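Bear in mind the structure is a predicted one, so any value in this text is a computation, not a measurement. Reminder, nothing fancy here: chain letters follow the sequence lines and each chain counts from 1.
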Number of protein chains: 2
Amino acid sequence: MSRPGYARIRDAVLARIRAREWPPGALIPAEAALAAEYGVARATVNRALRELARSGLLDRRRRAGTRVALNPVRKATLSIPVTRLEVESRGMAYRHRLLERTRRPAPAPLLAAMQLKRGQELLHLKTLHLADARPYLFEDRWVNIAAVPGILQAPLERISANEWLVQNVPMSAGEISFQATGAGQEAAEALDTAPGTALFTIDRTTWAGTAAVTRVRLLYAPGYRMETRI
Amino acid sequence: MSRPGYARIRDAVLARIRAREWPPGALIPAEAALAAEYGVARATVNRALRELARSGLLDRRRRAGTRVALNPVRKATLSIPVTRLEVESRGMAYRHRLLERTRRPAPAPLLAAMQLKRGQELLHLKTLHLADARPYLFEDRWVNIAAVPGILQAPLERISANEWLVQNVPMSAGEISFQATGAGQEAAEALDTAPGTALFTIDRTTWAGTAAVTRVRLLYAPGYRMETRI
DNA sequence: CAGTGGTCTAGACCACTCG
DNA sequence: GAGTGGTCTAGACCACTGA
């Protein structure tokens, strides 16, 4: 029932901002003043304000103090789980089918995108993920063999490349983008839909140092929604 | 140049996980042990591990200790700025056009979705956002007048409802979902594209207490990408 | 019940930057 | 120069939970 003290301070400050006691752009009291007011240590106030600043509601600068953000940027945190767990958490049975597994030199368009040397070998994988035996996600992936040689021994019929990489190259940095695309011929067939159907699409490139580990395009079956709370 | 101590500890732990000194599922040393090893206070280690846990790489439980996550969940943080600033930050000129502004009782489908009483009045707004005079985003929004009566006086031709609400109802809680939809007749016309074109779509409901403040559907022009780093 | 993480405190020094 | 937030410390108590 009882919440931590920093949460109490955080919510109290949030309430005062919502009540416009401190309107957008206003300077709020210094940490020391708030600590005295609420009868807590300055570190507790610091943690509360740090969380509000991270969520975009406050702008903090040394010496300049803490201001209510003029244009609060909403930050949504998306959890991107392994596809198998995502499917299973929706109460459906997961399977996947490895449609293609080819070892080949990097094609020209990927050289720049993945910062590869000419002729560097990649593993090209096409995987269909199924939920309750129905198409859920079509995955087109390139893996840099030099960066993760272990991928060649991975039993990709049993564990998807998605899952294998997450477990073997954890928390690497990368870029991710979301968009809507019309289904091409191949994706339409794999996902059992008509060409041109709107598909939710994720492109992701994952890096280890200066060369990319993997680049993948995920095409979700029609009706897929990615949800979160803000 | 010099990074904070907690960042040093955090990166050191991350490196040891990547090096598989602590493989997925392994128990890592207790905070006190790491504090002694690195010669810092326990609070510093706590902050480092807390950040890694929040990013999904560690599972922490009292008494049970800290384990390397078996299935690290990638968390992507999306910044969702006000549309005007998003457009301007891409170096384009922003304008918006209010296409419709109607005050009417809540239609049936919204009663449940927004937790409204029968007959409650909403403001229905349709807005086209333009970047360099080209369609950028078509917005279909419902605003709960009872929750934000000020919206009736807002100069929505000058400041978009999007921006007005962010500045006047900051940091409210809400749900947000992303999907791909095919353009309907109205959206296709507004966005100057063909019906059926794949559109990146955001649905958002924002709450203040038990009743919704606003519910909006955003349809982005073809080619829109939402990007972030993970 | 004992060991872990969760939180808090009082105090300190430092980095930054506004006036 | 001075006031702010950023960080760190040493110590403490507590809540939770596995053995």
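At the phosphate of dT7(D), neither OP1 nor OP2 sits under 4.0 Å from any side-chain N or O atom of N46(A). Contact annotation: R60(B) side-chain N/O to dG6(C) OP1/OP2 distance is under 4.0 Å. Within the 4.0 Å cut-off from OP1 or OP2 of dT7(C), at least one side-chain nitrogen or oxygen of R47(A) is found.
Rounded to whole angstrom, the span from the CZ atom of R54(B) across to the C1' atom of dG5(C) amounts to 16 Å. Computed from coordinates, the Y6(A) OH to dT9(C) C1' distance equals 16 Å when rounded to whole Å. As rounded to whole Å, 12 Å separates atom P of dG18(D) from atom CG of L27(B). Rounded to a whole Å, the CG atom of L58(B) is 15 Å from the C1' atom of dG6(C). With rounding to whole Å, R63(B) atom CZ is found 12 Å from dT17(D) atom P. If you take CD of E31(B) and P of dG5(C), they are 5 Å apart, rounded to a whole angstrom. In this structure, R62(A) atom CZ and dG5(D) atom C1' are separated by 6 Å, rounded to whole Å. When the P atom of dT4(C) is taken as reference, atom CD1 of I28(B) falls 12 Å away, rounded to whole Å.
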### Task
Tell me, with the steps shown, if V13(A) and L57(A) meet side chain to side chain contact (heavy atoms under 4.5 Å, CB included).
CA-CA 11 Å; V13(A) 170; L57(A) 190 64; over 6 Å; no
### Query
Yes or no on side chain to side chain contact (heavy atoms under 4.5 Å, CB included) for R217(B) and T201(B), after CA distance, side-chain angles and deciding distance?
CA-CA 7 Å; R217(B) 166 163 282 201; T201(B) 304; 3.8 Å; yes
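Counting all heavy atoms, side chain and backbone alike, L110(B) lies closest to L116(B) at O-CD1, 4.3 Å.
Contacts of residues 32-44 of chain A with DNA chain D (heavy atom under 4.0 Å): R42(A).
Each of G65(A) and R50(A) was assigned the nucleotide of DNA chain D with the nearest heavy atom; the assignment lying further toward the 5' end belongs to G65(A).
Rounding to the nearest 0.5 Å places CG of N162(B) at 9.5 Å from OG1 of T214(B). One finds the CG atom of N144(A) at 11.5 Å from the CD atom of Q115(A) (value rounded to the nearest 0.5 Å).
A salt bridge is absent between E157(B) and R101(B); no separation between the charged side-chain nitrogens and carboxylate oxygens falls under 4.0 Å. Using a 4.0 Å cut-off between a side-chain N of Lys or Arg and a carboxylate O of Asp or Glu, R225(B) and E175(A) do not qualify as a salt bridge.
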